[in-house]
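Reading through the structure tokens given below for one structure.
Atom set for the values below is all heavy atoms of this structure, side chains included, hydrogens, waters and symmetry mates excluded. Lettering of chains follows the sequences in order, A, B, ..., and the numbering in each one begins at 1.
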2 protein chains.
Amino acid sequence: MLTTAFSPHDHSHCITTAINHAQDLCADRSVRLTPVRQRVLELVWHSHQPIGAYELLASLAKEGFNSAPPTVYRALEFLSEQGLLHKLESINAYVGCCNPDTPHQGHFLLCQACNQAQELDSQYITLALKHSAEQHGFEIQSHTIEIVGTCQGCLDKSKAVEYKI
Amino acid sequence: MLTTAFSPHDHSHCITTAINHAQDLCADRSVRLTPVRQRVLELVWHSHQPIGAYELLASLAKEGFNSAPPTVYRALEFLSEQGLLHKLESINAYVGCCNPDTPHQGHFLLCQACNQAQELDSQYITLALKHSAEQHGFEIQSHTIEIVGTCQGCLDKSKAVEYKI
DNA sequence: CATGTTATGTTATGTTATAACAATCGTCAA
DNA sequence: TTGACGATTGTTATAACATAACATAACATG
Ligand SMILES: [Zn+2]
Ligand SMILES: [Zn+2]
Ligand SMILES: [Zn+2]
Ligand SMILES: [Zn+2]
């Protein structure tokens, strides 16, 4: 998995890739990527900053979609079931998944400076979790791994500011 | 760190240890473990099942404490700042910390069968997180590690049931 | 086109958490 | 002793996040 979120990149490419991917994947699975579902996915992919349900709802309302909470929560539920996005539990916000083909739960780096999230799928972390769980005779079903800190880009920026003083 | 939560044990010992520890620690730090703060801590320690803020509030109300939400959230904030408890983000619930002397964020095993939580402090996990973060030039400030599954005891019980069929 | 299933609309409510300001308590020096 | 200050608590209101329940509409299929 590449670290795209924290590096400068052509984000419109992220969006179109994600939407195309979602369309193909839903077609393959014979599930319906309805207009509101697709629009929510597009809105989630507006950037690599996780977005809250009510912010999504406000955008939908502006665009003439139905704007009651169940609308967006149903769309989020569908997209989550299809592995097209993840919820970040520590901030109650949602972020697109770059690798929705195989069911997984990611590990997330959240930058507190730029508010962007990057999904990882580190074998080190997965194995460490497995190992710890096994030591306790614990059988893992799911997990929430959210790491808050500062990304490379924001660290570089703050250093640049420091030196100019 | 021992796995006490998932094993049969004298839980009154957990409670008294936690409260005594909290009293000493607050005295050392010259912060005030006021009645409502201590009572919230006791209620959090009622068992190894994480407890929600509004459930705490209901208990406080029954006991004649003030019962508006800020009361319990302030107590939780204080206790959290002092490292006496942790919030489990994935379930919006709070659990006592067995090792409040040194600031840390734990790794939690949550059993979906018995609803108990066990805090770990696995060096494997910590190192894996560090390693992954470093690979991305990411500087860690805090983290949320919550592993949901089935604990040894509950696995044993379900196997016992299986064999009796 | 009738039927069952899936998706959406609608209203209301449940759950979790904080803002803002007033009143009280504890501490400590004048 | 008092009065000034910061810390704590009381109180009211509201923000933010999420779901229940039931009605209606759209879609697929025979
Ligand atoms: Zn991008
Ligand atoms: Zn993912
Ligand atoms: Zn115990
Ligand atoms: Zn702890």
*asked:* For B/Phe6 together with A/His136, are the ring centres under 6.0 Å from each other?
replied: no
_I'd like to know if B/Glu77 pairs up with B/Arg74 as an ion pair, taking the criterion as any Lys NZ or Arg NE/NH1/NH2 lying under 4.0 Å from an Asp or Glu carboxylate oxygen._
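No salt bridge links B/Glu77 with B/Arg74.
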To the nearest Å, give me how far apart [atom1] ([X]) and [atom2] ([N]) are.
{"X": "A/Glu55", "N": "D/dA18", "atom1": "CD", "atom2": "P", "result": "13 Å"}
{"X": "A/Arg37", "N": "D/dA26", "atom1": "CZ", "atom2": "P", "result": "15 Å"}
{"X": "A/Ile51", "N": "D/dC17", "atom1": "CD1", "atom2": "P", "result": "11 Å"}
{"X": "B/Phe78", "N": "D/dT8", "atom1": "CZ", "atom2": "P", "result": "7 Å"}

*Please state whether the phosphate of D/dC17, meaning OP1 or OP2, lies under 4.0 angstrom from any side-chain nitrogen or oxygen of A/Lys87.*
no
*Check whether any side-chain N or O of A/Asn92 sits under 4.0 Å from OP1 or OP2 of D/dA18, and answer yes or no.*
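True: A/Asn92 side-chain N/O within range (under 4.0 Å) of D/dA18 OP1/OP2.
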_Given D/dT8, D/dA21, D/dT11, the nucleotide with the shortest approach to the side chain of A/Arg74_ =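 Nearest nucleotide to the side chain: D/dA21.
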*Would you check if A/Tyr73 stacks with the base of D/dT19, given a 5.5 Å centroid limit and a 30° plane limit, both strict?*
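No, aromatic ring not over the base.
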*Does a donor on one side chain sit under 3.5 Å from an acceptor on the other, for B/Glu146 and B/Ser90?*
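Judged by distance alone, the side chains do pair up.
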*Could you tell me whether A/Phe65 contacts a base, only the sugar-phosphate backbone, or nothing, with contacts defined as non-hydrogen atoms closer than 4.0 Å?*
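The residue A/Phe65 makes no contact with any strand.
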*Contact class for A/Asn66 (heavy atom, under 4.0 Å): base, sugar-phosphate, or nothing?*
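Answer is base: heavy atoms of A/Asn66 come under 4.0 Å of a base.
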*Could you pull out the closest heavy-atom pair between B/Leu88 and B/Pro50, with the gap in Å?*
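For B/Leu88 and B/Pro50, the tightest heavy-atom pair comes out as CD1-CG, 3.4 Å.
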*Nucleotide range of DNA chain C contacted by chain B, 5' to 3', under 4.0 Å to a heavy atom?*
C/dT16 to C/dG26
Looking at side-chain heavy atoms only, is the closest gap between [X] and [Y] below 4.5 Å?
{"X": "B/Leu129", "Y": "B/Ile145", "value": "yes"}
{"X": "B/His13", "Y": "B/Thr4", "value": "no"}
{"X": "B/Thr126", "Y": "B/His107", "value": "yes"}

*On DNA chain C, check which nucleotide each of B/Tyr54 and A/Thr34 is closest to and give me the residue with the more 5' one.*
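Per heavy-atom nearest nucleotide, the more 5' residue is A/Thr34.
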